[in-house]
Amino acid sequence: MKKAYLFIIALFLFSCNPAKDSSKGNTEIEGKIQDLISQMTLEEKLGQMSQFDPGQFGDEENLKQAIKDGEVGSILNLVGAATINKLQKVAVEESRLGIPIIIGRDVIHGYKTIMPIPLGMAATWNPELTEKAMAVSAKEAATEGVHWTFAPMIDISRDPRWGRIAESCGEDTYLASQLAVAMVKGFQGEDPSAPDRIAACAKHFVGYGAAEGGRDYNTAYIPETQLRNDYLPPFKAATDAGVLTFMSGFNDLNGVPVSGNEFTLKNILREEWGFNGMVVSDWASIYEMIAHGYAADPKEAAEKSLRAGVDMEMTSNCYVSSAQALLDEGKLDMRTINRYVANILRVKFELGLFDNPYTDESLAAKTILAPENLEVAKEAASESFVLLQNKQQLLPLSRELKSVAVIGPLADAPHDQMGTWVFDGNKENSVTPLTALREKLGTNKVNFAKGLEISRSRSTEGFAAAVQAAKKSDIALLFMGEESILSGEAHCLTNLELLGAQNELIDAIAATGKPIVVVIMAGRPLTISHVLDKADAVLYAWAPGTMGGPAIADMLFGETVPSGKTPVTFLKTVGQVPMYYNHKNTGRPADYSNWTQLDKIPVEAGQTSLGNTSHYLDAGFDPLFPFGFGLSYTTFNYSGLNISTGSMPADGTMEVTVTVENTGDYDGDEIVQLYIHDKAGSITRPVKQLKGFDKVHLKAGEMKQVSLTLKGSDLEFYNGKKYLTEAGEFDLWVGPNSAEGLHTTFTIN
Ligand code: BGC
């Protein structure tokens with residue numbers, strides 16, 4: 001009861017907080033907005049509520065005319081300061097009310113300087129670096145006239161078959177929430193109207209990552225408890241961080257498509273969270289409610305999205321074509337339209353577009369691909385790499401090696417290393433591993449043979465040359481994985497093994513007896529048991545972006561030390577989906593002592609359920625690598641776990657300390673992770689939940705005490721009726737990943 005009361009007070013304070021609600025509190029701006037709205041015709045209001053792709057107009061003259069007529073509030077998929085200034089001039093100087101256009105673009109992980117894909121960024125577990133990387137992306141995009149990015153994508157993603165897992169922060173709610181805040185801050189900065197900042201967009205609200213079967217656009221069923229506990233928190237965190245816009249997604253959520261979903265858009269986003277920015281639909285997602293079977297025609301689709309609270313329609317024209325009829329029929333009132341127009345104009349004011357609608361055309365040349373931007377991209381790539389295996393400490397390699405074989409379809413694939421969702425990056429700017437290794441070692445020391453043309457190739461024609469290259473070298477470096485087009489929107493897979501003849505290529509190289517390092521570049525966690533069997537060392541490099549090559553070369557030769565940790569569970573086989581670390585328990589949890597293995601079942605064994613546990617006969621119950629896992633060239637020892645109190649009230653705070661020692665020979669970074677488990681609740685609780693982490697740098701031999709704060713409010717969850725932190729006993733672990741750690745218990749009294 002007390003907790004619920006506190007929650008209501010917190011909501012009230014939040015909705016009154018001027019820092020989070022600056023422009024609404026800014027009566028001058030609100031006055032200007034109302035003044036504009038009072039002068040607008042219905043057509044002009046609907047124009048503000050419409051976003052177009054330039055292609056929809058056929059040619060530039062038609063587009064200019066539409067802008068002049070006040071029919072265009074926003075454009076997406078247009079870049080270039082001169083082009084955009086030209087159109088903006090029409091809006092500002094030739095349209096009746098002079099309202100500037102807002103230009104949106106998918107600047108997902110970089111503009112021209114491409115950062116690692118978001119899933120790789122999440123593997124850095126480094127919010128400061130993430131913020132820095134998004135600030136670079138904002139700065140570059142802003143110089144080319146972009147005002148607004150459709151990022152961050154903060155859909156919780158627990159299915160590696162889903163292509164858009166690449167664009168996500170992975171499976172964990174806490175990590176995704178931390179990174180959501182970092183990305184919003186990186187794009188928007190303290191002042192989104194600054195010339196080097198752009199508006200961010202929290203997407204896809206909500207539940208898109210839970211697509212059934214991992215097939216894009218598919219139905220999601222998420223019970224309210226799970227929605228509130230797992231899927232909504234990153235969006236709430238983005239709201240609290242001041243994100244200016246939201247995007248409503250494509251998916252059907254529990255029977256109601258999210259672009260027409262009053263429960264999520266109205267009750268939660270607007271009423272509970274007090275969001276006063278703008279909501280844009282996803283591409284034609286309002287119109288698509290007809291195909292979903294939620295609207296009979298564009299008019300009903302418009303009615304439902306307007307009722308739910310989508311302010312701006314992306315590319316389809318249900319609003320424009322139906323608003324008058326809906327008004328006439330009394331299904332829509334002008335106050336609602338005015339409110340939505342105000343939400344859109346408010347964002348334009350926040351971005352300073354009324355004061356300064358134009359982009360300085362001299363900035364792009366100085367800003368884009370500047371050395372300091374490339375430096376951030378390299379740092380981000382480097383921190384995103386996860387070392388999964390390193391037998392006999394093969395890595396790092398010595399510069400004394402006489403020669404290395406560089407093999408594989410991704411060794412020199414400048415386009416593919418950029419990853420999915422790259423509209424503006426150019427492959428000419430990518431530095432590939434092959435180029436970087438040649439530069440580091442000298443061309444004559446590098447024996448290059450692709451082996452396979454692309455990741456999907458089945459022809460083994462190139463194997464002989466690859467085997468030759470390996471034979472004449474001290475070591476074989478294999479660059480395998482997925483081309484960038486094999487993940488991302490609508491690019492889902494049912495088979496997560498390396499595609500084409502890549503496993504066969506590894507076999508052929510392994511047969512030479514040379515030591516093997518496999519670097520995997522991919523948009524998702526692939527099932528790589530075969531690679532682990534054959535390779536000595538395996539480094540998971542995701543799609544590392546423009547500077548992937550030098551970052552990889554430096555790491556292979558020990559100039560940097562791996563520190564990334566998996567932001568998502570790695571599976572042994574695709575049949576384990578869905579498998580994520582923070583699952584619920586069963587009444588019969590499995591462990592290594594009670595797992596029935598397929599080949600140990602006696603012939604004609606009788607059916608019994610006695611002693612059985614929750615597992616697969618052929619794959620057990622555990623993953624290939626747990627969430628939060630990653631090796632280093634050095635080793636870390638954890639000791640002395642201490643909590644400042646063994647019992648605290650629901651609104652209390654405790655300090656959790658642990659000593660971490662670098663027991664190896666290299667300086668390195670360790671991501672120290674804090675997990676809890678609520679042992680018994682009014683609804684069942686996950687077996688583990690991440691509640692804190694810190695990335696610490698330790699010199700070889702150095703020992704540090706790491707301190708993490710755990711608040712009673714961090715333990716809050718939604719139990720179907722209310723949010724609360726429940727009294728009772730909790731487990732607490734601090735360790736290097738979600739499967740290992742020092743353990744203690746505490747109680748909430
Ligand atoms: C995607 C969005 C993206 C939009 C605009 C859609 O297909 O789902 O994430 O922002 O297109 O390009």
Side-chain angles (χ1 to χ4, degrees), residues 50-56 73-79 101-111 117-119 134 137-138 141 144-157 162-169 176 180 183-184 187 198-211 214-220 234-235 238 243-253 257-261 277-289 291-292 305 310-317 347 419-425 484-485 487-492 523:
S50 304
Q51 182 179 60
F52 296 96
D53 183 285
Q56 294 179 269
S74 177
I75 299 176
L76 82 166
N77 291 342
L78 190 70
V79 291
I101 306 169
I102 179 170
I103 305 287
R105 183 68 162 170
D106 289 279
V107 183
I108 306 298
H109 54 109
Y111 184 67
I117 50 168
L119 193 60
M134 296 309 115
S137 313
E144 293 245 289
V146 174
H147 307 131
W148 172 27
T149 177
F150 303 122
M153 193 276 228
I154 44 181
D155 297 304
I156 294 302
S157 310
W162 191 47
R164 299 196 84 166
I165 195 171
E167 262 181 87
S168 80
C169 298
M183 290 192 267
V184 170
F187 288 123
I198 58 180
C201 181
K203 76 184 189 186
H204 305 84
F205 198 63
V206 58
Y208 186 34
R215 181 163 53 82
D216 210 1
Y217 315 127
N218 207 5
T219 308
F235 290 95
V243 72
L244 290 173
T245 76
F246 260 63
M247 185 185 291
S248 64
F250 288 128
N251 58 289
D252 171 340
L253 174 67
V258 288
S259 284
N261 197 310
M278 176 224 295
V279 177
V280 66
S281 76
D282 203 340
W283 186 289
S285 62
I286 296 177
Y287 183 74
E288 287 178 11
M289 295 200 304
H292 273 292
S305 292
V310 178
D311 302 306
M312 184 183 277
E313 180 171 6
M314 186 190 286
T315 68
S316 47
N317 71 347
V347 170
T420 183
W421 274 112
V422 171
F423 284 166
D424 300 292
S484 57
I485 194 61
S487 64
E489 186 174 345
H491 288 72
C492 305

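Counting starts at 1 for both ligands and their atoms, in listed order.
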Discussion item. Below 4.0 Å from ligand 1: does a non-hydrogen atom of Met153 turn up there or not?
Written reply: no
Practice prompt. Under 4.0 Å, heavy atoms only, figure out whether ligand 1 is touched by the backbone of Leu76, its side chain, both or neither.
Written response: side chain
Item to complete: Please round to the nearest 0.5 Å and tell me the distance separating atom OG1 of Thr149 and atom CE of Met183.
Response: 10.5 Å
Discussion item. I want to know if ligand 1 touches Asp282 in the polar sense, i.e. an N/O pair below 3.5 angstrom.
Written reply: yes
Worksheet item: What's the spacing between Ile101 CD1 and Ser74 OG if we round to 0.5 Å?
Response: 8.0 Å
Practice prompt. Could you tell me the residue and atom name of the protein heavy atom closest to atom 7 (O) of ligand 1, and the distance to it rounded to 0.1 Å?
Written response: Glu489 OE1, 2.8 Å
Worksheet item: Do ligand 1 and Trp283 have nitrogen or oxygen atoms that lie under 3.5 Å from each other?
Response: no
Worksheet item: Are the side chain of Asp282 and the backbone N or O of Met314 linked by a donor-acceptor pair below 3.5 Å?
Response: no
Discussion item. Does either side chain, that of Trp162 or that of Ser157, offer a donor lying less than 3.5 Å from an acceptor on the other one?
Written reply: no
Worksheet item: Are any side-chain N or O atoms of Glu167 and backbone N or O atoms of Arg164, one a donor and one an acceptor, separated by less than 3.5 Å?
Response: no
Practice prompt. Output yes when the distance from some N or O of ligand 1 to some N or O of Asp106 is under 3.5 Å, and no in every other case.
Written response: yes
Discussion item. Only heavy atoms of Lys203, strictly under 4.0 Å: list the atoms of ligand 1 that pass.
Written reply: 2 (C), 3 (C), 9 (O), 10 (O)
Worksheet item: Taking the inter-plane angle between the rings of Tyr208 and Tyr217 on a 0 to 90° scale, is it parallel (under 30°), tilted (30 to 60°) or perpendicular (over 60°)?
Response: parallel
Worksheet item: Near Phe150, which atoms of ligand 1 are under 4.0 Å from a heavy atom of that residue?
Response: 10 (O)
Worksheet item: What are the atoms of ligand 1, with element, lying closer than 4.0 Å to any heavy atom of His204?
Response: 2 (C), 8 (O), 9 (O)
Practice prompt. Please check if the side chain of Asp216 supplies one atom and the backbone of Glu489 the other of a donor-acceptor pair under 3.5 Å.
Written response: no
Worksheet item: Does Arg164 come within less than 4.0 angstrom of ligand 1, counting non-hydrogen atoms of the residue?
Response: yes
